[in-house]
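Below is one structure, written out as structure tokens; the observations come after it.
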Amino acid sequence: ARVSDWEGSTVVDWSSRYAKIRSSLQRGESGGWFKLLSYIMKGAKQICEMVKLRECSVLVHCSDGWDRTSQMTSLATMLMDPYYRTLRGFIVLIEKEWLSFGHQFARRIGHGQKAT
């Protein structure tokens with residue numbers, strides 16, 4: 001789905017889209033990547049439900065706090081607020097949810113490491 005497809009979607013709309021995406025991911029699962037993606041999408045859905053439907057505050061912290069935390073909160077933020085689906089909003093989101101929390105971009109892409 002394109003980001004523009006989510007414009008104006010409610011959590012309920014997204015829930016049905018999530019089910020379709022999840023079933024397609026399960027059919028083509030390879031190397032565990034799709035399973036991890038499914039977990040991230042499920043977590044983002046739960047965040048959206050808590051914030052939008054139950055009007056609750058949410059504290060999100062995954063085991064190491066580097067990857068999944070930022071992935072889930074960023075996806076949930078994009079789903080709930082159309083501003084973050086714009087280029088300017090996406091840049092703000094990366095700074096807010098990734099850079100300010102010290103995400104290890106260089107380590108994840110192997111920047112500065114010798115090729116093997």
Side-chain angles (χ1 to χ4, degrees):
R2 296 182 317 260
V3 171
S4 61
D5 292 341
W6 302 98
E7 191 81 33
S9 296
T10 64
V11 173
V12 175
D13 294 337
W14 189 80
S15 182
S16 64
R17 290 178 185 182
Y18 166 77
K20 290 177 188 175
I21 293 169
R22 182 174 182 208
S23 68
S24 67
L25 291 176
Q26 287 173 336
R27 288 191 304 271
E29 185 171 355
S30 173
W33 188 85
F34 290 118
K35 183 174 251 183
L36 179 60
L37 182 58
S38 177
Y39 291 146
I40 292 165
M41 293 173 68
K42 185 176 182 179
K45 175 183 175 268
Q46 290 173 334
I47 294 168
C48 291
E49 288 174 344
M50 294 298 292
V51 172
K52 287 292 191 181
L53 297 179
R54 298 183 187 176
E55 299 179 346
C56 295
S57 297
V58 177
L59 173 66
V60 179
H61 180 63
C62 299
S63 60
D64 65 3
W66 294 109
D67 294 317
R68 288 179 307 277
T69 302
S70 295
Q71 292 164 350
M72 281 193 283
T73 57
S74 295
L75 181 55
T77 300
M78 291 176 74
L79 291 169
M80 292 186 286
D81 189 341
Y83 168 73
Y84 294 103
R85 297 178 220 149
T86 66
L87 181 57
R88 182 175 299 277
F90 186 70
I91 292 168
V92 170
L93 183 68
I94 295 298
E95 183 176 346
K96 179 172 90 69
E97 297 292 332
W98 297 74
L99 296 176
S100 65
F101 286 103
H103 184 73
Q104 301 175 2
F105 284 105
R107 186 174 185 190
R108 296 295 182 256
I109 61 171
H111 182 70
Q113 296 178 355
K114 293 182 181 180
T116 57

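All values below were derived from every heavy atom in this structure, side-chain atoms included, with hydrogens, water molecules and symmetry-related copies excluded.
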Among all residues two or more places apart in sequence or in another chain, which pass the side chain to side chain contact (heavy atoms under 4.5 Å, CB included) test with Val58? Ile47, Met50, Val51, Val60

Is the closest side-chain donor-acceptor distance between Glu97 and Ser70 under 3.5 Å?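 Their side chains do not contain a donor-acceptor pair, so the 3.5 Å distance test is not met.
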
Separation of [Y] [atom2] from [X] [atom1] (nearest 0.5 Å):
{"X": "Leu53", "Y": "Cys48", "atom1": "CG", "atom2": "SG", "answer": "9.0 Å"}
{"X": "Arg88", "Y": "Leu93", "atom1": "CZ", "atom2": "CG", "answer": "14.5 Å"}
{"X": "Asp81", "Y": "Lys52", "atom1": "CG", "atom2": "NZ", "answer": "7.5 Å"}
{"X": "Met80", "Y": "Glu49", "atom1": "CE", "atom2": "CD", "answer": "11.0 Å"}

Examine Ile91 and Leu99 and state if one hydrophobic cluster contains both, with Ile, Leu, Val, Met, Phe, Trp and Tyr joined whenever side-chain heavy atoms are less than 4.5 Å apart.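 Unlinked, Ile91 and Leu99 end up in two clusters.
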
I'd like to check [X] versus [Y] (side-chain heavy atoms, cut-off strictly below 4.5 Å). Are they in contact?
{"X": "Tyr39", "Y": "Met72", "value": "no"}
{"X": "Phe90", "Y": "Glu95", "value": "no"}
{"X": "Tyr83", "Y": "Val92", "value": "yes"}

Residues which pass side chain to side chain donor-acceptor pair (under 3.5 Å) with Thr77, listed by chain and number, not counting sequence neighbours: none

Give me the atom names and distance for the closest heavy-atom approach of Arg68 to Leu36. CD-CD1, 3.9 Å

Over all atoms of both residues, closest heavy-atom pair of Gln71 and Trp98: CG-CH2, 3.5 Å

